[in-house]
Protein chains: 2
Amino acid sequence: MTTINEVAERAGVSTATVSRVLNGKDTVDSELVARVLTAAEELGYRPNGPARNLRRQKTPVLALIISDVENPFFTAISRGVEDVAHSAGYSVVLCNSDDDPDKERSYVSVALQERVAGILLSPTGRTSGSELLSCSRIPFVALDRPLPDTTGDTVLVDTRSAAEQATRHLVERGYRRPGCITGPRGVPTAEERLDGYLRGLRAVGQHDSERLVRRCEFRAAGARRAAQELLDTEQPPDSLLVANNVMALGVMETLAERGLRAGGDVGLVAFDDAPWAGLLDPPLSVVAQPAYDIGTVGAQLLLDRIGDSRRRNTTTTLSARLIARASSHPG
Amino acid sequence: MTTINEVAERAGVSTATVSRVLNGKDTVDSELVARVLTAAEELGYRPNGPARNLRRQKTPVLALIISDVENPFFTAISRGVEDVAHSAGYSVVLCNSDDDPDKERSYVSVALQERVAGILLSPTGRTSGSELLSCSRIPFVALDRPLPDTTGDTVLVDTRSAAEQATRHLVERGYRRPGCITGPRGVPTAEERLDGYLRGLRAVGQHDSERLVRRCEFRAAGARRAAQELLDTEQPPDSLLVANNVMALGVMETLAERGLRAGGDVGLVAFDDAPWAGLLDPPLSVVAQPAYDIGTVGAQLLLDRIGDSRRRNTTTTLSARLIARASSHPG
DNA sequence: AACTTCCGAGAAAACGATTACCAGGACACG
DNA sequence: CGTGTCCTGGTAATCGTTTTCTCGGAAGTT
């Protein structure tokens, strides 16, 4: 690898001058600028990032830690983050925590170690890397889920009222016993959606029963089991509110296996819209979260904080909207 | 940020000793080890990554540059890469080139600059960052698509014969005029799939006509337009081979808008399986590519090359398999 | 012409780790 | 007891940049 020294030597100037030219300082004679540029070109010189970052004490990189790359909700967030970051001259590195607190911790640790400029995190909720974050001075933003015990910038979606609305929607459409499949205990998004569901039931005068609720990981496999369990109970639910789109696929597989049809046999509303949701059989009613916006808002917040570390912490809450399709239409 | 000096001072030893302890060298007195460890713990010391990487002249990070984070095919690859890399002690940073040669180039450039240990790239095909790569000495592996003019490790899928097989499948199922929607000119995967399609037609004695072929970006919007165009021709195709899963969604939307049903009205086979493919209306026939394996094989190849830079270049070709569902079943 | 001002460019000091090298002490052996 | 060996741990060089100083010369002012 060629270094700045070799470029300086070939151009017949000092390394300081090379550095100045390459960083666009305007105090260099145009003759020298030309010499440096051609020398750098000829040698295929490319500055050493780690050295530069060490000296500058900062790295133009944002870390985005999400819990599932295969979930379109999170990839949409990542697009939002990337668009904003990119236009501000930052690169984004995407890390996939798999909803595993250990992996999350380890990624936070790596990010801190590499001295990234900032971190966007959708926390698993449990212990997670939050202590690490809060005791370091690195700017960060929590996305989708609040960070336990830590006050920091946060971008949330009001899924509680969305869940409530979705539940009422099911009842209004004529379903009598809506059930709920949500995420693990302690995960804020899971709790919120469950809470919204319970409120929705109460609002329409239904007795809420934990017997119609199941919890599982935010994965298809768990949702499949949960759906099977619920359908096998003595008084099975006649409709379901499902806490994310990956789980919804699991539920639909289960229905298909049993020859049940979503909508007609079991009403279904799931969180997260996806490009394929309207093309399923039947088209899936969803609570569409503004995923892309979560990304852009979060990234902007992070950039602002990087620019001014003593800003007040803010929490932005975006709202979701129900898109009713055939899966919540009985008969 | 606390530095190794402060740790050394607090522990009453030299920085060299701190470094030795923290890197697990065994030549240090256990008394000192304990002192260093507690000092580091108390100060919340975390080594400065850039400094370490600068000194060590390497970074335990692999860059994975893919063309679309929202495409499940690529996210599956990324899981494969990550699993292998992680268990070998490497982090993976995921970069999203958006199938834009400029973005790709820029990401390759950043990766080189940051001196990552290796690069996994699914090239856009056109000029792209290949010159950058080949003239640097950084190990790299091309995934899914070969790198133009460059010999290097490559992991491919034999989509030519898969496309041929899929085309024959359509004809065998009774469709008479299969059309094809493929990717942009010059993109190897697009050309291969088109070529396979043409061969398939010839194999069953059909005259191949470019009039049944459309090209567009690997996006839903382009595919929608392409499908509309094809359906509006005087002699429209009665079935379609579509070059990836994102495009397939666009095509299905178009069919739905026109009140046409995949299978009964227009046969449909698309590349890439996805969790939702079997749940669409109708279930989508696909050519399933071993995406996760592309990732694991590619990552392993890259690690091998990092370990031994003078290995011979290899090209691994995996095979795809047709999964016939209802969308390729007439009537 | 003498003095100040300013500006461009080089020399050298950081940045924070790792590691080659060296010094000093303990121990063993003749 | 003297000398050689080994082992531990400190000193300082090093990685490749950026940036602060500093200095020399040109330009401007009186």
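Residue numbering restarts at 1 for every chain, and letters A, B, ... go by the order of the sequence lines.
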What nucleotide among [options] has an atom nearest to a side-chain atom of [X]?
X	options	result
B:Thr3	D:dT17, C:dA17, D:dC15	C:dA17
A:Ile4	D:dT8, C:dA9, D:dT18	D:dT18
B:Ala51	C:dA17, D:dT18, C:dA9	C:dA17
A:Asn48	D:dG9, D:dG16, C:dT18	D:dG16
A:Ser19	C:dG10, D:dT19, D:dG16	D:dT19

Rounded distance in Å - [atom1] ([X]) to [atom2] ([N]):
X	N	atom1	atom2	value
A:Arg46	D:dT17	CZ	P	12 Å
A:Asn5	D:dT18	CG	P	12 Å
A:Leu54	C:dA14	CG	P	14 Å
A:Met1	D:dT17	CE	C1'	15 Å
B:Lys25	C:dA17	NZ	P	15 Å
B:Asn53	C:dC15	CG	C1'	14 Å
A:Glu9	C:dA9	CD	P	19 Å
A:Asn23	D:dG16	CG	C1'	13 Å

So does B:Glu9 have more than 12 non-hydrogen atoms from other groups sitting under 6.0 Å from CD?
->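 Atom CD in B:Glu9 is not packed in, count stays at 12 or less.
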Interatomic spacing from CG in A:Leu43 to OG1 in A:Thr2 - rounded to 0.5 Å = 5.5 Å
To the nearest 0.5 Å, how far apart are CG in B:Asp100 and CG in B:Asp102?
->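 B:Asp100 atom CG to B:Asp102 atom CG measures 5.0 Å (nearest 0.5 Å).
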C:dG10 OP1/OP2 closer than 4.0 Å to side-chain N/O of A:Thr17 | yes
Please check the phosphate of C:dT18 (OP1 and OP2 only) for any side-chain N or O of B:Gln57 closer than 4.0 Å.
->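 No.
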5' priority, DNA chain D, between B:Asp29 and B:Arg115 [closest heavy atom] |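 Mapping each residue to its closest nucleotide by heavy atoms, the 5'-most match is B:Asp29.
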Please figure out whether B:Arg55 or B:Val28 has its closest DNA chain D nucleotide nearer the 5' end.
->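 Nearest-nucleotide comparison on DNA chain D picks B:Val28.
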Side-chain donor-acceptor pair under 3.5 Å between B:Thr27 and B:Arg20, yes or no?
-> no
Check the side chains of B:Glu70 and B:Asn96 for a donor-acceptor pair under 3.5 angstrom, ignoring hydrogens and angles.
-> no
Decide yes or no, distance alone: a donor-acceptor N/O pair under 3.5 angstrom between the base of C:dG10 and the side-chain of A:Arg20.
-> yes
